[in-house]
Amino acid sequence: NAIVLVQNAGDITADAAFGANGISAVASGSGGQVAVYNDGNLSVHQANKYGYGAYGVFASGDGNALVSSNGAVTVASEGAATGLAALSFAGDATVINHGDIGVSNTAALMYGATGIVAFSANGDAAVGNYGAVNVTSKYQATGVDARALGDVTVVNGGSLYANGDKYAFGVYASAGTGDVMVSNKAG
């Protein structure tokens, strides 16, 4: 089982036309786990709506996927835009944020902007936000998007702001067969 570990304490800028990632970590082999710890400031920009999107941190594993961020993350895209994302196929997906996240996109049709994503196809998903997350979109803006087959837990001890011209969700939480728990309180 592969284990991918990324620890960043520096500032990162990624600027491209068709797709940009501040940090991308993938453990796609059977049971592969990924963990990203970010203490730096990330600035990411995608200048074309036809690319795959822009991500501050993208962590994907067959097993558990974890993103822990204390730095400032800024993502701007003419297409899809995401601040922090943890994706798992067979394990749990977890995102813990203590930094400020700003995400925006300018495409008017079918492209969303999301502050934090935790998704597990067959496990649980959890998000703990203790920073300020600000998301704006010409189409759909989501502060936290947490989905899983199993249990979904979202704890917001910070602030979430979502402003979409068509749709906006402060928290979108959905479980297939498990329970959903959302806790929102001032930090």
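Worth saying up front: this structure is predicted, and the values here are computed from it rather than measured.
Annotation for V26: hydrophobic cluster partners, listed by chain and number, are Y52, Y55, F58, L87, V117, F119 (ILVMFWY side-chain heavy atoms under 4.5 Å, direct or chained). Other residues sharing a hydrophobic cluster with Y50 under the 4.5 Å side-chain heavy-atom criterion for ILVMFWY residues are Y111. Applying the 4.5 Å side-chain rule to ILVMFWY residues, one finds that I3 remains a lone member of its cluster. Residue L149 shares its hydrophobic cluster (ILVMFWY side chains chained together at separations under 4.5 Å) with no other residue.
Side-chain atoms of T136 never come within 3.5 Å of backbone atoms of S104 as a donor-acceptor pair (strictly under, hydrogens ignored). Remark: side-chain polar atoms of D151 are paired, donor with acceptor, to backbone N or O of D179 under 3.5 angstrom. The closest donor-acceptor contact from the side chain of N64 to the backbone of D92 lies under 3.5 Å.
There is a path of hydrophobic side-chain contacts, each under 4.5 Å, that joins V152 to V182. One hydrophobic cluster, built from ILVMFWY side chains closer than 4.5 Å, holds both V73 and V6. Under the 4.5 Å side-chain contact rule for hydrophobic residues, Y161 and V171 do not share a cluster. When the side chains of ILVMFWY residues are joined at heavy-atom separations under 4.5 Å, either directly or via intervening members, V135 and L160 end up in a single hydrophobic cluster.
The side-chain contact (heavy atoms from CB on, under 4.5 Å) search around A54 returns V44, Q46, V75, S77, not counting sequence neighbours. Shown here are the side-chain contact (heavy atoms from CB on, under 4.5 Å) partners of S43, two or more places apart in sequence or in another chain: T13. Every residue was checked against the side-chain hydrogen bond (donor to acceptor under 3.5 Å, both in side chains) condition with N1, not counting sequence neighbours, and none meets it. In this view, N70 and D39, H98 satisfy the side-chain contact (heavy atoms from CB on, under 4.5 Å) rule, not counting sequence neighbours. Legend: residues meeting side-chain contact (heavy atoms from CB on, under 4.5 Å) with Q140, ordered by chain and number and at least two apart, are T142, Y167, F169. With sequence neighbours excluded, no residue forms a side-chain hydrogen bond (donor to acceptor under 3.5 Å, both in side chains) with N48.
Sorted by first and then second residue, the side chain to side chain donor-acceptor pair (under 3.5 Å) pairs involving residues 112-135 (not counting sequence neighbours) are N97-N129, N129-N156. For residues 9-31, no pair satisfies ring-ring contact (aromatic ring centres under 6.0 Å, His included), with sequence neighbours left out.
When the options I23, V95, L5 are evaluated for a side-chain contact (heavy atoms from CB on, under 4.5 Å) with V36, the one that passes is I23.
Between A20 and A14, the shortest heavy-atom contact is CB-O, 4.0 Å. Taking both residues in full, the closest heavy atoms of A125 and A118 are given as CB-O, 3.7 Å, listed atom of the first, atom of the second, then distance. Of all non-hydrogen atoms in A59 and L66, the two that sit nearest each other are CB-O, 4.3 Å. Considering every non-hydrogen atom in both D62 and G29, the closest pair reads CB-O, 3.1 Å. Residues S88 and G91 come closest through the heavy atom pair OG-N, 2.8 Å. Between I101 and G83, the closest heavy-atom pair is CG2-CA, 4.2 Å.
If you take OG1 on T153 and CE on M181, they are separated by 4.5 Å, rounding to the nearest 0.5 Å. Atom-to-atom distance recorded for S137:OG and D165:CG is 7.0 Å, nearest 0.5 angstrom. Distance check, rounded to the nearest 0.5 Å: CG of L84 to OG of S69 gives 5.0 Å. Within the model, atoms OG of S28 and CZ of F89 stand 12.5 Å from one another, a figure rounded to the nearest 0.5 Å. Considering CG of N105 and NZ of K49, their distance stands at 11.0 Å, rounded to 0.5 Å.
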For this session: Starting from the C-alpha separation in whole Å, work towards a yes-or-no answer on side-chain contact (heavy atoms from CB on, under 4.5 Å) for V133 and I116.
Result: CA-CA 8 Å; V133 177; I116 298 172; 4.2 Å; yes
